Amino acid sequence: MASVSSQPQFRYTQPPSKVLHLRNLPWECTEEELIELGKPFGKVVNTKCNVGANRNQAFIEFADLNQAIAMISYYASSSEPAQVRGKTVYLQYSNRQEIVNNKTAADVAGNVLLVTIEGADARLVSIDVLHLVFSAFGFVHKITTFEKTAGFQALVQFSDAETATSAKDALDGRSIPRYLLPEHVGPCTLRITYSGHTDLSVKFQSHRSRDYTNPYLPVASSAIDGSGQFGMGLDGKKLEPESNVLLASIENMQYAVTLDVLHMVFSAFGPVQKIAMFDKNGGLQALIQYPDVQTAVVAKEALEGHCIYDGGFCKLHISYSRHTDLSIKVNNDRSRDYTIPNAPVVETQPSILGQHPVPSVGQAVQYNGVQYSPGPEQPVMHQPQPQAGWAAAAPAAPQSMPMQMHNNHYMPPPGTMPPQMAPGMMQFRPPTSTIPPYGSGHIR
DNA sequence: AGCACA
């Protein structure tokens, strides 16, 4: 089949069009510059920049054909050529009648940002640092990260497009502040566009994705990384090195706080792997290790400043430890590794539990309606595994509350009031027992 | 310096 169009590829005189084709533009000419150029002749209703192999061509579309004609004829007879940034720009009618702007999702403002982290060490930027950076502009609902051909990218979800826009405008092209990055990490620049997404789907809290609206989301085992991550609370304000290990100090310790009490209290938020208690500055402190930072964060937020016993007794002050993995050499009444079911338990002494009428825990701990009820038939230990286990216990599993409220033989410590249960507070009742076998944090 | 990747 020969004899097709004898038409030349380009006609050098185009029929008029509302759309003008510009070439010889400076590098990365902006839409604003194009509008500026066309504005004297009419209303520019659409533009397209960075066209052509060299990305130095563009189109501008006027509202009215006459406006396009006015611009062409003006520069046809002008002694001064059309210029952008002092560079001569060549104009002609486009061979199309309108700009078909493949307005990608990247161009239309939305509440989710697509963030590309540029730099040799981009992959080393943690999700917590990203959360910190973007939280400066508003509540960050969710973050997901992933590797694409474009490199290391993240989707950051805000409440609304306005918040997202403010973050985008402020951060696009900027580098993550050095002080937020580990020493050895090189500069990381953010390239930000809008994403087409409106609501990200985050199944697990992990090193790749976070849902800050749902702290009880299961924590994926992949989220466990030994390195102490720097992150921040949901309020986006404080900058504190988060850790999966909490340091709890106990103030106003009128009652003995035992390993098992601590285990019960802290198990309300997830599996406790290890606990180590020690005396410091005349007070009792304890390190509590969770499998992941996220759980520790939730526990810290929930427990900080609360009292183990009603009446202001045994007030907890909690901070993040620098530890990430406690070394428990021996299981005794001050330290325990709940991840080793058969570790030897050393009874160093007849145990303080045996000596005093010690207030202790009940079978279930409640906090904000969340119950976690380690019972004898349900060994406390949950290996750090995704989805299964403790998270499922969050929406309360009534059948796993083995003990009734009555039937406590409570003996108040001398000269004190019995701890009462305040609504919404942790519930504790006096013990009738000695140290339970290791691995089971409950007391009966 | 000559017309838009999906």
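Bear in mind the structure is a predicted one, so any value in this text is a computation, not a measurement. Below, chains carry the letters A, B, ... as their sequence lines are ordered, and counting in each starts from 1.
- Regarding A/Arg23, its CZ atom lies at a distance of 13 Å from the P atom of B/dA4, rounded to whole Å.
- Annotation: proximity of residues 54-86 of chain A to DNA chain B (heavy atom, distance under 4.0 Å) is found for A/Gln57, A/Phe59, numbered in ascending order.
- Screening residues 112-125 of chain A for side chain to side chain donor-acceptor pair (under 3.5 Å) gives A/Thr116-A/Gln153, A/Glu118-A/Arg191, A/Arg123-A/Glu147 as the qualifying pairs, with residues at least two apart or on separate chains.
- Going from atom NE2 of A/His21 over to atom C1' of B/dA4 covers 8 Å, rounded to whole Å.
- Side-chain contact, A/Thr163 with A/Asp160: a donor N or O sits under 3.5 Å from an acceptor N or O.
- Along DNA chain B, the nucleotide nearest A/Lys87 and the nucleotide nearest A/Asn101 are compared for position; the residue whose nucleotide lies closer to the 5' end is A/Lys87.
- Within 4.0 Å (heavy atoms only), A/Val19 reaches no atom of the nucleic acid at all.
- Contacts of A/Phe59 classified as ring pair (Phe, Tyr, Trp, His ring centres under 6.0 Å), with partners at least two apart in sequence or in another chain: A/His21.
- At whole-Å resolution of the value, CG in A/Leu22 and P in B/dA4 are 14 Å apart.
- Rounded to whole angstrom, the span from the OH atom of A/Tyr90 across to the C1' atom of B/dA1 amounts to 7 Å.
- Residues meeting the side chain to side chain contact (heavy atoms under 4.5 Å, CB included) test with A/Pro187, sequence neighbours left out: A/Arg178.
- Annotation: salt bridge (charged side-chain N to carboxylate O under 4.0 Å, His left out) contacts involving residues 55-79 of chain A, sequence neighbours excluded, are absent.
- The distance between atom CD of A/Gln14 and atom C1' of B/dA4, rounded to the nearest whole Å, is 14 Å.
- Remark: A/Tyr75 engages A/Phe41 in a ring pair (Phe, Tyr, Trp, His ring centres under 6.0 Å) (not counting sequence neighbours).
- DNA chain B is contacted by A/Asn24 of residues 24-38 of chain A, taking any non-hydrogen atom closer than 4.0 Å.
- For A/Thr47, the side chain to side chain donor-acceptor pair (under 3.5 Å) partners are A/Glu31, not counting sequence neighbours.
- For A/Asn111, there are no side chain to side chain donor-acceptor pair (under 3.5 Å) partners two or more places apart in sequence or in a different chain.
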